[in-house]
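Worksheet for the structure shown next.
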Amino acid sequence: MESDRRKITDEITISKPLAEKLKTEANNIPSFKKEIENRLSEDTSDLFNLIMGGAINLKSSDIHVEPSEEKAKIRIRIDGVLQDVLNIEKSIYKSILSRAKLLSGVKLNIENKPQDGRFSVLYPGKEEERSIEIRTSTLPSEYGETIVMRILDPRKLITLSKLGLRDDLETIFKREIKKPNGMIILTGPTGSGKTTTLYAFLRYIRSSEVKIITIEDPIEYHLEGISQTEVNPSKGYDFASGLRSIVRQDPDAILVGEMRDLETVSIGLQAALTGHTVFSTLHTNDAAGTIPRMQALGEEPVNIAPALNIIIAQRLVRRLCDRCSEKIRIKDYEDENLLEKIKKVMEDVPDDINPHCSEVTEIYNAKGCKSCHMTGYSGRIGVFEALVVDEEIENLIFKNPSAAEIRKKALEKGMVTLLQDGIIKLLDGKTTVEEIERVLGL
């Protein structure tokens, strides 16, 4: 069953000459800004194509257009961090807003309530064009409507091996997701990469012998060989009713976009107990908090314990640019207590995983170059915490434990925390102290 929102309203095409020009002459934010400034007087459609094509070329995930009293600001999000591009006149802002709303199939004359829509961009590649879906959201503000355009570029879909997993964790993930039944839950805030990880799991188990059905809100990327459906509450198709219908379709694996209520949790757990592999997400701060969260929704431990296979908490940190990162001695770092902090965090990590902090004398620092837009970072990498529900953890769940009790037991059994995994990536030269502090706290 598909919702009306699933249909793409309109489509624009980025020409090959424009794509090439952007690639060679607007491959960083200052040059992108200059290119827009030089073409502000052009036709609105051409200017809009330039903004969309430039943002895609810079691998941004979102375009923000935000009006103020006299002007409007264009910003783009790269590697999870917003970057200013330029300020534009209100007249140009209004033209861009109208163009985006027209393409997205939302009402042009409504300015006092939020609207959501979609359109697609055909972007030239080396061999053939790729279709990129753009999800738009307008919101009334003091000086006009703000618009955010989410860029769903299929290039961002990666395989399991590209998630940034430690070798031991990759082995655990592969073992757990290939089990013929049970539930796998990902937790983390919005924008922490849960969808990317779930799609990597589905791609890993996908085959002609496995039937996979999803229910999502909305479908972000289209996967070949998988039946994907989208919720449509106005027609009575939500996560719970959709999941109930999916179970009757004889699937081997099911992806439920989010566990939001007791009914969805209960049906998902029953599916996991009756021969299905169920993938889903839940909003909690860490892996151990998932079980109390399910209980808070009204589920009983007797149903939770035998159904869960693994709970994974996830965050994203920016990856150091390999063209400009520089080494720095830990003892020369501005925080003279850094090494002691690292040792304290890592003291409980199993010996076969611990990078032996006392032997590490150098870390890497972000410097900045044209290639990384002077940020010092290029791309992001996942930081993970995995709680495997074995017999001992299962028996603990039956006793209605707190999140602290579950976490304590998991640590005793060798679970590596989000912060510890972040430190391992820091000591491996993949990210920086600043990123660990920003995302995880140190």
Side-chain angles (χ1 to χ4, degrees), residues 22-36 54-64 73-86 151 153 155-156 158 162-166 188-193 196-197 314-339 341-342 345-346 355 357 360-384 418-442:
L22 291 168
K23 187 175 181 180
T24 56
E25 299 180 25
N27 52 14
N28 55 59
I29 289 178
S31 60
F32 179 37
K33 173 183 177 180
K34 185 176 180 180
E35 191 65 30
I36 296 175
I56 291 169
N57 179 61
L58 292 174
K59 299 179 181 178
S60 58
S61 60
D62 304 86
I63 303 171
H64 294 241
K73 180 181 287 187
I74 296 177
R75 299 196 286 174
I76 60 176
R77 190 180 296 278
I78 299 176
D79 296 336
V81 178
L82 277 170
Q83 313 264 353
D84 287 346
V85 179
L86 83 163
I151 301 170
D153 191 338
R155 287 185 307 175
K156 293 177 183 177
I158 56 177
K162 299 292 185 180
L163 290 175
L165 301 171
R166 306 186 311 270
T190 301
S192 60
T196 300
T197 299
Q314 176 173 344
R315 301 291 189 277
L316 291 174
V317 295
R318 288 185 289 175
R319 187 193 293 266
L320 273 164
C321 174
D322 57 11
R323 296 190 181 186
C324 66
S325 61
E326 57 182 7
K327 285 183 179 180
I328 180 174
R329 292 187 302 177
I330 289 183
K331 67 179 183 179
D332 293 336
Y333 192 74
E334 58 186 22
D335 183 353
E336 59 185 24
N337 296 318
L338 176 62
L339 185 57
K341 287 180 180 178
I342 290 174
V345 170
M346 302 299 289
C357 305
V360 178
T361 59
E362 295 176 321
I363 56 176
Y364 282 83
N365 211 20
K367 184 177 181 182
C369 64
K370 286 185 177 180
S371 176
C372 62
H373 317 299
M374 302 305 297
T375 64
Y377 302 96
S378 180
R380 289 188 288 177
I381 189 171
V383 177
F384 300 92
L418 285 164
L419 180 55
Q420 289 168 341
D421 192 37
I423 294 295
I424 291 171
K425 288 176 170 63
L426 167 69
L427 300 181
D428 281 345
K430 294 175 181 176
T431 191
T432 63
V433 175
E434 288 75 17
E435 273 299 282
I436 298 302
E437 290 178 336
R438 181 180 72 87
V439 177
L440 302 168
L442 177 59

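Just so it is clear, the structure is predicted and the values come from calculations on it, not from any experiment. The figures that follow rest on heavy atoms only: side chains count, while hydrogens, waters and symmetry mates do not.
Contact between S31 and A26 at its shortest, heavy atoms only, is OG-CA, 3.2 Å. Across Q420 and V345, no two heavy atoms sit closer than the pair NE2-O, 3.0 Å. For the residue pair G382 and D421, the shortest heavy atom distance occurs at O-OD2, 4.3 Å. Closest of all the heavy-atom pairs between G376 and C372 is N-SG, 3.1 Å.
At distances below 3.5 Å, at least one donor-acceptor pair connects side-chain atoms of N57 with backbone N or O atoms of L22. Checking side-chain atoms of D153 against main-chain N and O of R155 turns up a donor-acceptor pair under 3.5 Å. Judged purely by atom type and a 3.5 angstrom limit, T431 has no side-chain atom pairing as donor or acceptor with the backbone of K425. At distances below 3.5 Å, not a single donor-acceptor pair connects side-chain atoms of N365 with backbone N or O atoms of K327.
Between the CD1 atom of I76 and the CD1 atom of I56 there is a distance of 11.0 Å, given to the nearest 0.5 Å. For the atom pair CG of L419 and CD1 of I424, the computed distance is 10.0 Å after rounding to the nearest 0.5 Å. To the nearest 0.5 Å, the span separating OG1 on T432 from CG on L320 amounts to 5.5 Å. The distance from atom CD1 of I63 to atom CG of L58, rounded to the nearest 0.5 Å, is 10.0 Å. To the nearest 0.5 Å, atom CG of residue D62 and atom CD1 of residue I78 are 11.0 Å apart. Distance check, rounded to the nearest 0.5 Å: NE2 of H373 to SG of C321 gives 9.5 Å.
Two residues are said to be in side-chain contact when any heavy atoms from C-beta on lie closer than 4.5 Å; L427 and I342 meet this criterion. Side-chain atoms of L339 and Y333, non-hydrogen and from C-beta on, never get closer than 4.5 Å to each other. Residues Y377 and E434 form a side-chain contact, since some pair of their non-hydrogen atoms from C-beta on lies under 4.5 Å apart. A 4.5 Å side-chain heavy-atom check between T361 and I330 finds every atom pair outside the cut-off. Looking at heavy atoms from C-beta onward, S61 lies in side-chain contact with K156 at the 4.5 angstrom threshold. Contact check for V383 versus V439: no side-chain heavy atoms found under the 4.5 Å cut-off. The side-chain heavy atoms of V81 and T375, taken from C-beta on, include no pair separated by under 4.5 Å.
Heavy atoms of other residues, nucleotides or ligands lying less than 6.0 angstrom from CZ of R438 number more than 12. Within a 6.0 Å radius of CD in E336, other residues, nucleotides and ligands contribute 12 heavy atoms or fewer. The neighbour count for K33 NZ, taken as heavy atoms of other residues, nucleotides or ligands under 6.0 Å away, does not exceed 12.
With F384 as the fixed residue, the side-chain contact (heavy atoms from CB on, under 4.5 Å) test singles out one of R166, R315, Q314: Q314.
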Kindly determine whether L338 and I363 satisfy side-chain contact (heavy atoms from CB on, under 4.5 Å), including the steps that lead there.
CA-CA 11 Å; L338 176 62; I363 56 176; 3.9 Å; yes

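A search for salt bridge (charged side-chain N to carboxylate O under 4.0 Å, His left out) contacts involving R318 returns E435, not counting sequence neighbours.
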